[in-house]
A.B. asks: 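The structure follows.
Both backbone and side-chain heavy atoms feed into the values below; hydrogens, waters and symmetry mates do not. Proteins come first, then strands; the chains are lettered A, B, ... in the order of their sequence lines, and each starts at number 1.
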There are 2 protein chains.
Amino acid sequence: MTTHGQTIRPRPLVLDPARNVQFCANCDARSHSVCNAIDDKDLARLASSAVQVKIEPGHTFVDEGDTAESFRNITAGTAKLFKLLPDGRRQITGFATSGDFLGLAVSHAYSFSAEAVDEVKLCRFSRSKLRILLDDFPAMEKRLLEVASNELVAAQDQMLLLGRKTARERLASFLAARAHAPQHHCPAQAGPRGMLRLALPMTRSDIADYLGLTIETVSRTLTKLKSEKLIDVPNATEIIIPNLHALEMVASGGN
Amino acid sequence: MTTHGQTIRPRPLVLDPARNVQFCANCDARSHSVCNAIDDKDLARLASSAVQVKIEPGHTFVDEGDTAESFRNITAGTAKLFKLLPDGRRQITGFATSGDFLGLAVSHAYSFSAEAVDEVKLCRFSRSKLRILLDDFPAMEKRLLEVASNELVAAQDQMLLLGRKTARERLASFLAARAHAPQHHCPAQAGPRGMLRLALPMTRSDIADYLGLTIETVSRTLTKLKSEKLIDVPNATEIIIPNLHALEMVASGGN
DNA sequence: CGTTGTGTTGATATTAATCAACAAGTGTGG
DNA sequence: CCACACTTGTTGATTAATATCAACACAACG
């Protein structure tokens, strides 16, 4: 029974007509094999039917309940995906970055809203066109199934976090998970002896709404973790993790 | 922005070599079209390569962390899927019933455990065989993508519940959601004027672990909803919903 | 007929939310 | 360039929701 079994994630696929189709530059070539099953020509054809869009920070580009006419592939930046209750309570269900897909579900309407955290670039397809293209590219369909499956595993991890973890464990889990996703590191990523420096482009309010907490609890808990030397917080948008393993122990309730 | 947008769910597909392949008997023929895209002969071939298994109540048949060698389709009964923390805290991520698939993810190991709630019958395939079969049946792959997408939408709803809803809202959401799934109704399902009678095969402990609460809070909250005439509880395993709309209002925080 | 598992209800404890004040950083306009 | 508003984050005091601890009711079962 592993609570931190790192699943093998497929190599991010970035569909960008301007720069042509490419895999995420941050990821090494040894990543998952299914990516390679997609023919480059097919990918180019897929990407060429898309519109590239740039979204300013804070701008909402998907509204829950709207008719789902598009399918999107993020090519740069970070977006937050969320659901709202009528009285304004918000749950962020995930942060989407380069290579992530939005609007996979077959449902008629979007089941979530999406807002740009920093400047987001994305590639937008019409879903009707996507359906036609998928019939031509079975490998793409396989790839999407793989992506959806991985998201499902992540969603189940998040349910465990939201349903059963303490505030302390939630913050530790959040930071440890981000430490595992290479693209979220700061430019000067690795300090001495595997010391990690994470970029947190989102606000405390976003973190709170992602972890099912309030901003005050997020702030206090980070302060506490800092006082215990489990993390360092040089400024509000950066976190240094001196010992990822120790943080992961906290994340899974081990002490 | 709809918090209770009922997504069109695909018609449950039951792979049962003994009774031959079939769609869920409880569902009408007008359900989702993609089911029909799968050729009956293909389905028969798929089902014939499977092993049918019966599991006694309380028996665990998938262990988190074990090598994921099989893929399963539930044909009867209800199973609970869950994740554990090292100290024993449990989060039930979902209940699987007739037509549901287990083990979709491509990861090497199962990311959850599964235990039978009542007597469960399922169809088990080797994953290597599944991969080969999927290459032959692109329609099946499409169908699995659809299933995974719908599960993802449900998972996001559950994140909203776990992260932001009160105990009262969680119970109301849980009951309202089950009221929408036809197979969970008691045999004598519809009383006078759309009054619903739900079967709850799982224990209070299961409900608590699904909703991120304790058994005491579940019990107290059900008592409270009963005293307000929003539900009736003739016995521990049945719930009567006199007015589903009123319960849905509670579920989404509207009063 | 006791034993065990499950559910309910009550009393108390605890975690995190709420309410409140303030500090630091950012941008604006005079 | 500085005063000001505004946003974001931190910290403190208090409250509230739910967890925990405890007792008991009831049914199923040997």
A.B. asks: Counting the atoms with a prime plus P, OP1 and OP2 as sugar-phosphate, which does A/Thr214 contact under 4.0 Å by heavy atoms, base, sugar-phosphate, or nothing?
C.D. replies: base
A.B. asks: Which is true for A/Gly212 with a 4.0 Å heavy-atom rule: it touches a base, it touches only sugar-phosphate, or it touches nothing?
C.D. replies: sugar-phosphate
A.B. asks: The side chain of B/Ser219 is closest to which nucleotide in this list: D/dA19, C/dA17, C/dT8?
C.D. replies: C/dT8
A.B. asks: Do you know the tightest heavy-atom contact between A/Ala179 and A/Leu244?
C.D. replies: CB-CD1, 3.7 Å
A.B. asks: Does OP1 or OP2 of D/dT10 have a side-chain N or O of A/Thr223 closer than 4.0 Å?
C.D. replies: no
A.B. asks: May I ask you to verify whether the side chain of A/Arg220 and the base of D/dG12 hold a donor-acceptor pair under 3.5 Å?
C.D. replies: yes
A.B. asks: Rounded to whole Å, how long is the line connecting atom CZ of A/Arg89 with atom P of D/dA17?
C.D. replies: 12 Å
A.B. asks: For the pair made of NZ in B/Lys224 and P in C/dT9, what is the distance, rounded to whole Å?
C.D. replies: 13 Å
A.B. asks: From the list C/dG10, D/dT11, D/dT18, which nucleotide is the closest neighbour of the side chain of A/Glu216?
C.D. replies: D/dT11
A.B. asks: Report the distance from atom CG of B/Asn235 to atom C1' of D/dC26, rounded to the nearest whole Å.
C.D. replies: 13 Å
A.B. asks: Can we say A/Asp206 and A/Arg90 salt-bridge, meaning some charged N sits less than 4.0 Å from an Asp/Glu carboxylate O?
C.D. replies: yes
A.B. asks: Given B/Leu213, which partner from the list B/Ile207, B/Leu171, B/Leu162 fulfils the side chain to side chain contact (heavy atoms under 4.5 Å, CB included) test?
C.D. replies: B/Leu171
A.B. asks: Would you mind reading off the distance between A/Leu162 atom CG and C/dA16 atom P, rounded to a whole angstrom?
C.D. replies: 13 Å
A.B. asks: Between D/dG9 atom P and A/Met202 atom CE, what is the distance in whole Å?
C.D. replies: 11 Å
A.B. asks: Without decimals, in angstroms, what is the distance between A/Arg168 CZ and C/dT14 C1'?
C.D. replies: 16 Å
A.B. asks: Do B/Arg204 and C/dG5 share a donor-acceptor pair, side chain to base, under 3.5 Å?
C.D. replies: no
A.B. asks: Short question: side chain of A/Ser113, backbone of A/Glu64 - any donor-acceptor pair under 3.5 Å?
C.D. replies: yes
A.B. asks: Out of C/dG10, C/dT8, C/dA16, which nucleotide sits closest to the side chain of A/Thr166?
C.D. replies: C/dA16
A.B. asks: In whole angstrom, give the distance that lies between atom CD1 of B/Ile215 and atom C1' of D/dA22.
C.D. replies: 12 Å
A.B. asks: With distance as the sole test, does A/Ser219 use its side chain to make a donor-acceptor pair with the main-chain N or O of A/Ile215 at under 3.5 Å?
C.D. replies: no
A.B. asks: How many Å lie between CD on B/Glu169 and C1' on D/dA17, as a whole number?
C.D. replies: 12 Å
A.B. asks: Once hydrogens and angles are ignored, does a donor-acceptor distance under 3.5 Å link the base of D/dT18 to the side chain of A/Arg164?
C.D. replies: no
A.B. asks: B/Leu213 near the nucleic acid: base, sugar-phosphate alone, or nothing, with a heavy-atom cut-off under 4.0 Å?
C.D. replies: sugar-phosphate
